[in-house]
Amino acid sequence: MKTQKGIAKIVLAVCLAVSLVFSALIVGIDTTWGQVEVKLGKLVSDNGTMVNYKMYIPKTASAQAPAPALLYAVGGGDGVDAGRAFAIEASRRGFVVMSIDVPGNGLSESTSGVVRFDSSNQAVVAQEDPTQCHEMAYEYLTSLPFVDSSRMVTGGHSMGGRYTVQVAQNHQDEVQLQFNVGMNFYGTADLGYDFNFALLIGSSDESALVRTTNHSTMQDIYQSEDLKAVFGLGAGDTLEVGKVYGDFAQGTGRVVYSPHTLHIWEPYSNDIVKAFLTCLDSTMEMPNYIAPDDTVYLAKDYLTIAMIAVFAVFVASLACVLLDTETFRSLKLAPRKYYGFKKNSAAWWACAAVLTVLCGYSVIWASMQTGSGDPNFFTRYGTSGFKCIWSLVTGASLLVFVAVWYFAFAKKQGMKLADFGVATGEDNKFHIGYLGKALLLGVTVFAAAMVYFLMFYYFTKSNLQWVVFEIDPIPLQRAGTKFLAMMLWMLPFVLMNSIAQRTVISFEKDSPVSTVKALVLSNVMCTLLLIIIHLVFVGNAFFAYRTIFPDARGYIGGEQVMGIAVGTLIINSVGFFMNKKTNSIWPAVIATLPLVAWFQVTASGMTF
């Protein structure tokens with residue numbers, strides 16, 4: 001046990017050291033090693049909505065030498081850091097760059113000030129601003145003395161492209177380039193397009209394909225009348241992808257670039273970013289010329305992925321270290337006998353397979369319950385509402401499985417309910433003091449995790465976000481109205497997952513090898529089917545150029561399944577080590593519930 005105590009402390013120390021190194025590297029990449037100032041700030045709209053923004057300001061930009069600027073809008077539900085590729089690369093080249101969290105996402109307040117719900121439990125949000133505060137952001141950006149308002153660039157991914165094309169049409173005397181990334185909406189044709197325009201869209205863009213013939217015909221996008229109108233082409237003309245129409249140097253340039261990538265990958269695609277930089281280079285002289293194929297942003301992507309993994313290991317090792325302290329040592333109970341089937345027997349593999357299926361089978365169906373457009377109780381939670389449904393269905397399914405397994409097999413072997421880890425003492429009796437101390441441990445773990453993240457966030461001015469998984473500070477507006485609710489809806493899965501795993505995993509063995517094997521099995525059962533569903537969805541779009549799960553926006557669930565899988569890996573790993581050390585489910589359940597609620601409250605797509 002002394003050796004294991006030492007391992008946990010060493011791992012914790014290594015996590016802190018690695019975090020410092022990775023954080024410093026992230027700052028270096030974001031700031032071009034001190035050549036760019038990165039700033040976080042707040043704007044307040046006319047109706048009092050607080051809007052969060054992130055700005056990159058090159059040191060070369062000044063009132064005496066104002067720089068061109070880019071207003072980049074992230075996709076629906078994303079936080080400002082989802083646009084880091086465009087921000088890093090444009091600021092390296094001397095552009096001031098600004099992005100905002102759309103109201104109700106990231107750290108921005110809802111446009112309704114206080115979230116309200118109508119009689120159908122649908123979130124009521126003011127929609128009088130079709131640009132979702134990007135017009136306000138543009139006006140602020142162009143008012144800055146170090147910004148040259150005559151050399152503006154606007155653009156964004158997905159819904160961000162929809163917002164910014166309207167901003168561009170409002171300021172055609174200033175905007176020189178508008179680029180849509182994965183968004184086939186082109187504003188109002190009657191207002192004209194007196195600026196360069198680029199559509200950068202993946203040839204396997206599932207969000208576009210879903211609106212085409214058989215959900216598999218990108219030519220419908222390329223040859224649409226609306227897009228041809230932007231290009232000045234007639235109905236009988238054929239728009240050629242990759243061909244430059246007009247002259248970017250004269251402000252009449254038009255082009256469609258369609259590299260082989262997906263909608264959710266577009267903001268991270270090197271081909272998309274290079275296409276943007278090529279258009280930018282053709283539009284105006286860069287204050288600091290760097291060739292379009294010279295990019296560095298991917299290093300921050302890799303570091304961010306690594307930091308998400310380090311965060312998970314930090315929380316798990318911290319929990320183990322705390323459980324060895326005098327304060328929390330009493331939470332560790334004697335190991336419980338394993339009553340499951342013999343490992344690697346046919347029955348054992350059958351149980352593991354059933355648990356794997358139960359943890360993922362309902363996720364697409366759940367996503368369609370909130371994606372149909374018809375209001376129900378869970379639409380009040382935005383796209384995270386489907387995760388609540390998934391938790392309820394999965395928890396109920398696991399409960400049925402455990403009950404059948406227990407009464408049909410384990411009870412006959414002498415297993416008691418306390419052997420599932422629900423005991424709070426060696427005498428199998430209920431002890432309120434044990435739960436109180438477990439609650440104190442859970443609060444301590446959560447508080448430490450939050451402090452760790454906030455130190456990273458304010459030092460790097462970046463969140464932990466990659467594609468469909470995101471961790472932000474908890475917005476105060478949503479902390480009270482959503483945090484406790486998310487803990488409640490995630491409880492069925494967290495609780496029953498801890499109980500059900502004891503049907504196939506023995507927590508008695510204490511060797512490092514057996515622990516690692518059990519951890520791998522635990523995580524595989526929780527996430528394998530989720531990952532398979534995501535890969536099937538991605539594979540169909542990427543290789544077959546076809547969107548599956550088209551009804552009721554089921555394809556959104558196909559994307560966000562990976563976000564569930566990543567969050568589940570984190571909380572399940574933390575819970576696994578706590579279960580093993582305490583031989584009780586309660587410390588793990590209490591500690592991981594606020595973590596999973598945190599992930600949901602700040603999740604991509606948490607819209608109100």
Side-chain angles (χ1 to χ4, degrees), residues 23 26-27 30 37-56 71-84 87 97-115 123 125-126 129 131-134 136-137 140-141 156-160 163 267 304 307-308 311 381-384 446 449-486 563 567 594-595 597-608:
S23 297
I26 286 173
V27 170
D30 239 14
E37 177 190 359
V38 177
K39 175 183 177 183
L40 300 176
K42 310 289 183 186
L43 300 176
V44 180
S45 69
D46 291 339
N47 66 359
T49 302
M50 185 279 293
V51 176
N52 182 64
Y53 72 81
K54 184 173 183 177
M55 187 178 294
Y56 291 68
L71 176 65
Y72 180 83
V74 298
D78 285 335
V80 289
D81 236 38
R84 57 179 172 260
V97 183
M98 181 179 184
S99 292
I100 67 171
D101 285 328
V102 173
N105 294 283
L107 299 184
S108 291
E109 293 179 339
S110 164
T111 51
S112 57
V114 177
V115 177
V125 180
D129 179 9
T131 74
Q132 288 295 284
C133 291
H134 284 87
M136 175 183 68
Y140 174 73
L141 182 59
H157 176 238
S158 194
M159 288 300 293
Y163 302 145
T304 300
M307 276 300 303
I308 292 173
F311 172 80
Y381 301 114
T383 51
S384 283
F446 177 70
M450 180 62 76
V451 169
Y452 169 90
F453 171 76
L454 289 177
M455 291 176 66
F456 166 83
Y457 176 79
Y458 286 109
F459 176 68
T460 64
K461 298 182 176 66
S462 299
N463 59 16
L464 290 176
Q465 186 272 343
W466 193 73
V467 189
V468 294
F469 182 77
E470 182 172 336
I471 305 177
D472 281 310
I474 299 177
L476 292 178
Q477 185 194 35
R478 297 201 285 279
T481 58
K482 301 302 172 191
F483 189 74
L484 292 178
M486 282 297 159
L595 290 174
W598 176 16
F599 299 161
Q600 295 308 314
V601 169
T602 64
S604 174
M606 193 67 173
T607 53
F608 301 109

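By convention here, the first residue in the shown sequence is residue 1. Just so we're clear, the structure is a prediction, and the values are computed from it rather than from any experiment. Keep in mind that the numbers below use all heavy atoms, side chains included, and drop hydrogens, waters and symmetry copies.
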Side chain of [X], backbone of [Y]: donor and acceptor closer than 3.5 Å?
X	Y	answer
Ser99	Tyr72	yes
Glu109	Thr49	no
Asn52	Asp101	no

> Which word best sums up how the rings of Tyr140 and Tyr53 line up, parallel for under 30°, tilted for 30 to 60°, or perpendicular for over 60°?
Replying inline: tilted

Does the side chain of [Y] come within less than 4.5 Å of [X]'s, by heavy atoms?
X	Y	answer
Lys54	Asp30	yes
Met307	Thr460	no
Phe483	Pro594	yes

Shortest non-hydrogen contact between [X] and [Y], atoms and distance:
X	Y	value
Lys461	Asp81	O-OD1, 4.4 Å
Gln465	Arg84	O-NH2, 2.9 Å
Ile100	Met98	CG2-CE, 4.2 Å
Leu107	Pro475	CD2-CG, 4.0 Å
Pro103	Ser108	CA-CB, 3.9 Å
Ile471	Phe453	O-CZ, 3.2 Å

Roughly how far, to the nearest 0.5 Å, is [atom2] of [Y] from [atom1] of [X]?
X	Y	atom1	atom2	answer
Asp129	Met136	CG	CE	8.0 Å
Asn463	Glu470	CG	CD	5.0 Å
Met450	Ile474	CE	CD1	3.5 Å
Gln600	Lys482	CD	NZ	12.5 Å
Phe599	Met486	CZ	CE	14.0 Å
Ser462	Leu40	OG	CG	8.0 Å

>> Could you tell me if Asp472 and Tyr457 have a donor-acceptor pair between their side chains, going purely by distance under 3.5 Å?
In response: no

> Are Phe469 and Phe311 near enough that their ring centres are under 6.0 Å apart?
Replying inline: no

